Amino acid sequence: MTERSNSLSEWLEARLPVISAFRREYVDFAMPRNLNYLWNFGAFATIALGLLILSGIFLALNYTPTVTEAFASIEMIDRQVSSGWLVRAIHMGGVSMLFASLYVHIGRGLYYGSYKAPRELLWLTGLGLLLLVMTTAFAGYILPWGQMSYWGATVVINALNSLPVIGKPLAAWLLGGEGLGNTALHRIYVLHFVTAFSIVGFVVLHVAALHVAGSNNPTGIEPAKPDDTVPFHPYYTTKDGLGLCLFLMVYAGLIFFAPDILTLADNYAQANPLVTPRDITPEWYFAPFYAILRAVPSKLGGLLLAAGSLGVLFAVPWLDASPVRSARYRPILRIALPILFLAFIALGAAGMHPPTGFWLWISRIAVTYWYLYFLILLPYLPRVEIPKPLPSSLQEPRG
Amino acid sequence: MTQDGAPTSSSTQCSSGKGGTRRRDVLATVTAGVGCAGACALAYPFLDSLNGTRNSRVGEDDTVDVDLSAIPPGQQTVVTWRGWPVFVQRRTAAMLASLQAPGAAQRLRDPESKILQQPKDATNWHRSVVPEIGVLIGICTHLGCVPSYDTPSPADQSGKYACPCHGSQFDIAGRAYKNAPAPYNLPVPPVTMVSETHLRIGLSKGDPDFDIANIQQI
């Protein structure tokens with residue numbers, strides 16, 4: 001019996017060496033031995049993405065992408081389709097879990113300098129993924145054709161329109177020559193699918209790039225000796241597995257105990273092109289960028305600053321002039337970066353409140369700090385900052 | 001099993017005695033088992049959602065009324081009931097005679113309508129509530145095509161149904177001929193005569209418990 005299965009795996013191996021490739025990349029793959037739990041969040045994002053695609057396919061089976069029937073078909077999924085409410089809750093909760101994982105994942109990369117050479121492409125493919133996820137989430141939010149879907153889409157498409165040169169044709173291609181109607185809804189539905197599956201392809205690129213350079217680690221020092229690393233299995237399968245259990249518990253809590261906590265009641269009223277809801281609020285994961293958009297008293301200016309807040313992230317590998325990777329050994333950055341995280345959270349809170357008085361100024365201060373950090377601190381801080389002495393190996397205990 | 005991937009470098013840290021190894025194997029097996037149970041639980045809502053909508057027919061009127069005055073003798077009209085084509089025919093005396101003609105039964109698979117393909121009040125020689133009016137669900141019991149109606153002609157006054165897909169044939173009461181692939185007679189829906197000129201499909205006065213879902217084959 002074992003002989004036969006051996007010969008089968010040999011037969012397969014000679015023709016398509018998937019078993020040895022899997023063993024090389026996911027079993028024996030050398031990982032730094034000192035990763036902390038922040039390195040779990042990539043796995044979390046992958047699991048959330050898988051569940052989103054699975055639940056998305058099953059939702060699509062019952063969804064109708066027409067202006068007259070979209071809203072009713074979502075209501076039917078929630079009320080009549082067997083377990084439909086659960087499939088939809090998995091999909092809606094999955095978006096929040098994916099964005100939360102991605103934001104922590106990116107924050108971890110910023111803190112430990114995971115974007116620095118030789119991992120620039122890893123960083124860029126990751127940000128490409130973020131943009132694709134944002135596009136998919138935006139397109140997906142329009143599909144239920146509720147009031148927030150409709151007016152969110154209207155605002156974003158009009159913002160797109162105001163971009164110089166490319167704005168008008170882009171918006172026209174999306175809308176198909178008429179207002180926000182059947183044609184646009186159908187295109188947005190297709191866009192939702194196309195970008196969702198493109199994400200899977202991009203994840204492959206992202207992971208391939210990771211497996212060339214190897215994982216960064218909390219010290220930012222490359223593993224040098226053989227015993228600086230441990231094999232992926234069982235060390236990090238176990239560590240990821242434990243984190244995943246906690247992740248899935250939070251996810252399940254969201255699905256079963258608070259499926260509506262992160263959604264807006266206004267989106268359970270069907271789209272009405274004649275009435276705009278009193279408060280247009282984005283989903284929480286778009287709130288920081290929405291706050292930037294509103295913090296600037298200029299249509300194009302707000303748009304450029306909101307887009308630029310993501311744009312500076314793409315430039316980070318070349319903006320950061322310090323040769324030291326991990327913020328552990330950069331005393332000033334170690335304070336400046338957490339303030340950046342606070343600014344992002346403050347922008348998120350501001351995006352969920354009306355842009356007046358206190359919240360307007362919070363968002364203005366936060367967006368100023370955002371640009372100050374990336375455009376001034378990252379390039380010029382190394383001139384004044386004296387880094388702590390780097391340990392000789394990643395195994396050295398923290399000083 | 002979990003020892004396979006352990007590097008030599010860390011063998012100093014985990015003192016893996018014989019008992020330790022067995023405890024790990026138990027933990028690994030339990031973890032894998034619980035993981036599989038979780039995957040099955042996760043699969044449930046997705047597969048369940050394929051069962052479609054619940055209670056979608058509750059409160060919906062499931063009956064169709066047919067005006068018989070518009071059907072000339074020897075002709076049929078086709079109405080839709082539950083998405084199926086339903087043939088409603090007005091039979092001539094010659095057609096009725098052909099159903100009872102001597103020797104006709106020998107050519108049929110189920111001349112007495114013993115197999116449950118009709119309500120009790122249509123389990124008779126004419127397979128209908130009243131002999132002059134025939135009502136059949138027009139779906140061939142072979143592979144589901146819609147048989148075409150050959151109207152009575154001077155040459156053949158009895159009329160019949162012939163399925164275009166694989167040559168199944170039925171007499172005017174929907175009884176399947178031998179030497180053709182269709183195994184059962186055409187189904188008869190529940191029918192109530194409302195008046196001389198109107199009938200209602202979907203409700204059987206003579207067999208109120210009849211449920212079309214329970215017949216042999218549709």
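Order of the sequence lines fixes the chain letters, A, B, ..., with proteins taken first and strands second; residue numbering starts at 1 for each chain. A quick note: this is a predicted structure, and the numbers were derived from the prediction, not measured.
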inquiry  = Using heavy-atom distances under 4.5 Å, tell me whether A:Ile90 contacts chain B through its side chain, its backbone, both, or neither.
reply    = side chain
request  = Check whether more than 12 heavy atoms from other residues, nucleotides or ligands sit under 6.0 Å from atom NE2 of A:His211, and answer yes or no.
outcome  = yes
query = Which heavy-atom pair separates A:Ser82 from B:Asn51 by the least distance, and what is that distance?
reply = OG-CB, 4.0 Å
request  = Give a yes or no on this: more than 12 heavy atoms of other residues, nucleotides or ligands lie within 6.0 Å of atom CZ of A:Arg23.
outcome  = no
request  = Report, as yes or no, whether the 6.0 Å neighbourhood of atom NZ on B:Lys114 holds more than 12 heavy atoms from other residues, nucleotides or ligands.
outcome  = no
message = Surrounding CG of B:Asn179 (heavy atoms of other residues, nucleotides or ligands, distance under 6.0 Å), is the total greater than 12?
response = no
query = With a 4.5 angstrom heavy-atom cut-off, which part of A:Thr238 approaches chain B: side chain, backbone, both or neither?
reply = neither
request  = Could you grab the distance from atom CG of B:Asp48 to atom CG of A:Leu86, nearest 0.5 Å is fine?
outcome  = 9.0 Å
key: Least distance between heavy atoms, B:Ser49 atom then A:Ser83 atom   = N-CB, 4.5 Å
message = So for atom CG, which belongs to A:Leu16, do other residues, nucleotides or ligands contribute more than 12 heavy atoms lying within a distance under 6.0 Å?
response = yes
